[in-house]
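Structure, as structure tokens:
Naming: A, B, ... by sequence-line order, numbering from 1 per chain. The model shown is predicted, which means the values in this text are computed figures rather than measured ones. All values below were derived from every heavy atom in this structure, side-chain atoms included, with hydrogens, water molecules and symmetry-related copies excluded.
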Amino acid sequence: MEYDFRAIEQKWRKHWAENKTYQTVENPDKPKYYGLTMFPYPSGAGLHVGHPLGYIASDIYARYKRLKGFNVLHPMGYDSFGLPAEQYAIQTGQHPAITTKANVGRYREQLDKIGFSFDWDREVRTSDPNYYKWTQWIFKQIFESWYNKSTDKAEHIDTLIAEFEKNGNLQVSAVHDCEIAFSAEDWKEFDTKKQNDILMDYRLTYLADSWVNWCPALGTVLANDEVVNGVSERGGHPVEQKLMRQWSMRITAYAERLLQGLVELDWSDAIKDIQRNWIGKSVGASVRFGVENHENEQIEVFTTRPDTIFGVSFMVLAPEHELVSQITTAEYKEAVENYKKEAGFKSERDRMSDVKNVTGQFTGAYAVNPLNNEKIPIWIGDYVLASYGTGAVMAVPCGDQRDWDFAQKFDIPIKNVFEGVDISEGAYTDKTGTITNSDFLNGLPVKKAIKRAIHELEEKGIGKSKTNYRLRDAVFSRQRYWGEPFPVYYDNGVAKTIADEHLPIELPEVDKYLPTEDGQPPLGNATDWYWDTQKNELTSKEYADQSHVHPMELNTMPGWAGSSWYFLRYMDPHNETAFVSKEKVDYWKNVDLYIGGAEHATGHLLYARFWTKFLKDRGFINFEEPFQKMINQGMILGNSAFLYVLNLKVESKIRIKKHFENQKPYQVLVDQKLLSELKSNEGTFNDLIEKVTLKLKQKDDNLSLDNPDLKDLRPIHINVNLERQDGTILLDDLSEWIGKDFANYDIDFIDDQKFVLGHEVEKMSKSKYNVQTPDDLVEQYGADTLRMYEMFLGPLEQAKPWDTKGINGVHNFLRKLWRLFHDAEGNVKITEGEPDKKALKTLHKTIKKIQEDMDRYVFNTAVSAFMICVNELTEQKCNNKAILQDLVVLLVPYAPHIAEELWVKLGNEAGTVSDATFPEFNEEYLVENTFAYPVSFNGKMRFKAELPTNMSKEDVEKEVMAMEQAQKYLEGKTPKKVIVVPGRIVNVVV
RNA sequence: GCGGAUGUGGUGAAAUUGGUAGACACGCUAGACUUAGGAUCUAGUGCCGCGAGGUGUGUGGGUUCGAGUCCCUCCAUCCGCACCA
């Protein structure tokens, strides 16, 4: 019997499903292993071959851990709230829940075909009310918390209220936005509204008017990580800054811990660096400068170089800085206003691309350096950002290149505070050297000078040491329908949360998914979107005028809400009384291995860390990093196929109306073969032009080609699934696929009725017609082949082009494996008895290799090791049961279906191989008596010398030098030196 | 500009601690068998050369008996950040 993968795979998938082979139960007697892959957004396009890459690696590792005796949690679910389903709903009126359900069904079908060991009983979907009930609950916990800097953790808001009642906010050290100071007495005097407003400034999620990234095309605000180069990450739509009342998450409270926590994580440096960069910590000082003629005003600046404070020769404020209008003198009013206007017109994108161009405007005002009372001009300039630091810089042209450029452009004097450094050509930005011209800092090296300067500033009460972060609070509101509703209603403008027992607050039905006519989010279309505080239920807007009926929050939560904690829900997915039970989270703890894309570095991966730390602070879980080790799988790129269209402009001698229609380009279809000829040989191109011209003349004598040029060649994507093995596409397939437009192309210049395709590696995408689904490959080769092939492609982390050419090699390997167990007639042929030495060596070499590769998360070379093993056993004609049995177990993680089948053929109970024991490596079988020493002369390998492994260095040297070949390479000379590394190499230096 | 990653045959790649460069596979060449198949088997396959031999891991240099691996220089590609004070 041949290897019938279709029958085998179907049979075992059914067996696993029926017997719940992969159901996971908490078991305190076994060590736990939690392997997780980033759950997918179920898009309408289905899975392509890039998606399963990470899942396969994760599954292999999970199955491996299982063989190693671990109790394995390996779940899967869906990040099922999101924009595409909603956009589709807007277009078609189809409820996103329906689309989502259909897509999830398709994903599940595709995933099921690949033989994953997921425990599907633990599936979660973020759009499921039973799930988002707890997302809402966690939101409430965050709402009811503040960040206490003295304990360095989040605490319940009640502890803050108690403190306010006792001492006001005078002794509170919190991360907050509160701009007023008040005593206990003041607090008690405040009305409820005022108290709530103040608390809002302390809550870890808060409602505030903030500058947000507004994307008109998507009709929603976006978080900073969702904006890339000034346009939306999804769809590439323009984004503008807008002041809006929004929910935000006070992630900045965790900036330092998010930064420090990275140290302990086993993540790639790339991702850690991206997060560090995003958090953007800089240490320095804040200094207050006085303003001449404005005794009551001070300008606070942040600087990382307080040591250069005597080198300050001007000050620059952001155009939006609040003091600008106050301090600008009458003389400069108009110029300043004009500059502000101009700066305001520039989009963020323009400002970014226009870095080189220095602009600014003098305000007429002067600041006073608090250390030497020197008068310095105050400018405004758009290189200073309102949103970073204090929106003002003390400009030190000798030590900062941008300040230097600015001073140069506007002829502002440059003071040098660095000893023996030339600053005539540019600023000196190194943090080394000695400070001079700086009063008490003279003669100090930079580092000491920084400390000394801060000390002095603090002493004089004009500044203090300060740490600044680039990280901003994350906007948490989205003006969309398909997301978690907030469990919040507004009682006379005061945001109040709905009690836990009434959660989840389910998404209301709406008749359309667009914003309302007065510009409110889609939930504004819902009729039953009012909260009745007497009945404790949602009610209709008809009752809106009743005093106990209040409007609900109209925004929904962003996509990252549900994904910030999903890994916890898998532990206890059906719990109705808690988001996860204490016992279960204490057992499973955090994720041991997380596999997913690197593109979530500043989004999901940061937010999930933030929420985890928060949940730890509030005592709900006992760890503060969600993902201990992470591997970022590389993108699988598509291998796009191309044909080319040569557009030749047609010119008519007679310029009368009827000829205009002939003036559209004459299009010649060119394939790769013709293209190379055209490029390499000018004659071919001239030939072609001549022939085309002839054709035109036949049609109408007045027509000719206008400046034919090979540059007017345009590639067109061809569906890669129509490509044949030899890299061509048949005329019929092509014309059918392109459709009626095909008639416009002249194809006479290609022979054979088939077209040679050109290729280019690009991102896999529907629009490039280069998407390949796993389904076809599973159909053609089987899931085991697909699994092994995806691993065989190369290192997991690396981006690599998808190419099915090599898949035969892996498929052949499985067939060869199959033949090891069968005779020529296809009957099972396995012998009992003691295995021979050679076979044992092959097996144990393989065990060692697989073990080592798993330990360092390398999957491609493990596949090679299996191939080598089977090649050797085939050569040895080994069909010994003991050997084959261990081999089958080794193979379970990679090719579970065939392993199950062979396991049964070996006489074992069906369905038990997943819980077999990983074979023990035994060094003994690898011990050899002799070793073939490579003998090099001056580092060049010349020949090999087979010598006993236990031979001493001296004897090896003697033996080798006595050899005939050695004499040949010595050419009669005496060796200067002979290096012998026992069991490794011999190198002769001549 | 700053930070990170990667550069090895025709292709995907391997070389884990400085020790035989190209394992394994695809492709290709030649051959065997054959109820022509997307089957199996044998031999070959980095480049130059008939050959002995030479040469070879992006470039140039260095350390070393020995460098794909370590150090310095430069180049290319990709990713992230970018007037961050």
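Atom CZ of A:Arg276 is separated from atom P of B:G80 by 19 Å (rounded to the nearest Å). Distance A:Asn938 CG to B:G54 P: 11 Å, rounded to the nearest Å.
A salt bridge is defined here as a Lys NZ or Arg NE, NH1 or NH2 lying under 4.0 Å from an Asp or Glu carboxylate O, and A:Arg276 with A:Asp273 meets this definition. By the 4.0 Å N-to-carboxylate-O rule, A:Arg856 lies too far from A:Glu852 to be salt-bridged with it.
Contact of A:Gln780 with B:G38 (side chain to base): a donor-acceptor pair of N or O atoms is detected under 3.5 Å. A donor-acceptor contact under 3.5 Å is not formed by the side chain of A:Lys816 with the base of B:U40. Looking at A:Asn277, its side chain has no donor and acceptor atom pair within 3.5 Å of the base of B:C81. For A:Tyr789 against B:G12, no side-chain N or O and base N or O form a donor-acceptor pair under 3.5 Å. Between the base of B:U11 and the side chain of A:Lys805 there is no donor-acceptor pair shorter than 3.5 Å. Below the 3.5 angstrom threshold, one finds no donor paired with an acceptor across the side chain of A:Asn871 and the base of B:C24.
Between A:Tyr894 and A:Phe866, the gap from one ring centroid to the other is short of 6.0 Å. Aromatic rings from A:Trp818 and A:Phe813 are positioned such that their centres are separated by 6.0 Å or more.
B:G3 is paired with B:C79 under the criterion used here, namely a Watson-Crick or G-U wobble arrangement in which both key atom distances are under 3.5 Å. Shown here, B:G31 forms a base pair with B:C41; the pair counts as Watson-Crick or G-U wobble because both key distances fall under 3.5 Å. B:A85: no Watson-Crick or G-U partner with both key distances under 3.5 Å is found in any strand. With a 3.5 Å ceiling on both atom-pair distances, B:U20 lacks any Watson-Crick or G-U wobble partner. A 3.5 Å limit on both hydrogen-bonding distances identifies no Watson-Crick or G-U partner for B:G51. Base-pair partner of B:G10: B:C26 (Watson-Crick or G-U wobble, both distances under 3.5 Å).
With C1' as the reference atom, B:G22 and B:G61 are 26 Å apart, rounded to whole Å. With P as the reference atom, B:U34 and B:U29 are 23 Å apart, rounded to whole Å. Nucleotides B:G66 and B:G19 have their P atoms positioned 14 Å apart, rounded to a whole Å.
The side chain of A:Ile985 lies closest to B:U20 when the candidates are B:C65, B:C83, B:U20. With B:C24, B:C65, B:G3 as the choices, the nucleotide that has an atom nearest any side-chain atom of A:Ile979 turns out to be B:C65. If you check B:A21, B:A85, B:C24 against the side chain of A:Met941, the one that comes closest is B:A21. The nucleotide whose nearest atom lies closest to any side-chain atom of A:Asp853 is, among B:U20, B:U16, B:G19, B:U16.
In this structure, A:Asp405 reaches neither bases nor backbone, as no heavy-atom distance under 4.0 Å exists between it and the strands shown. Using a 4.0 Å heavy-atom criterion, one finds that A:Val981 contacts the bases of the nucleic acid, with or without backbone contacts as well. The residue A:Gln798 sits close only to the backbone: its heavy atoms come under 4.0 Å of sugar-phosphate atoms, none of a base. No engagement by A:Asn468 is indicated, since no non-hydrogen atom pair under 4.0 Å with the nucleic acid exists. Note on A:Lys976: nothing from the nucleic acid sits closer than 4.0 angstrom, heavy atoms only.
An anti orientation is assigned to B:G4, its glycosidic angle lying beyond 90° of 0.
Each of A:Glu875 and A:Arg815 lies near RNA chain B, and the nucleotide nearest A:Arg815 is the one positioned closer to the 5' end. Two residues, A:Glu852 and A:Thr874, neighbour RNA chain B, and the one matched to the more 5' nucleotide by heavy-atom proximity is A:Glu852.
Side-chain atoms of A:Ser936 do not come within 3.5 Å of backbone N or O of A:Asn938 as any donor-acceptor pair.
Relative to the ring axis of A:Tyr857, A:Lys629 places its NZ or CZ within 45° and under 6.0 Å from the centre.
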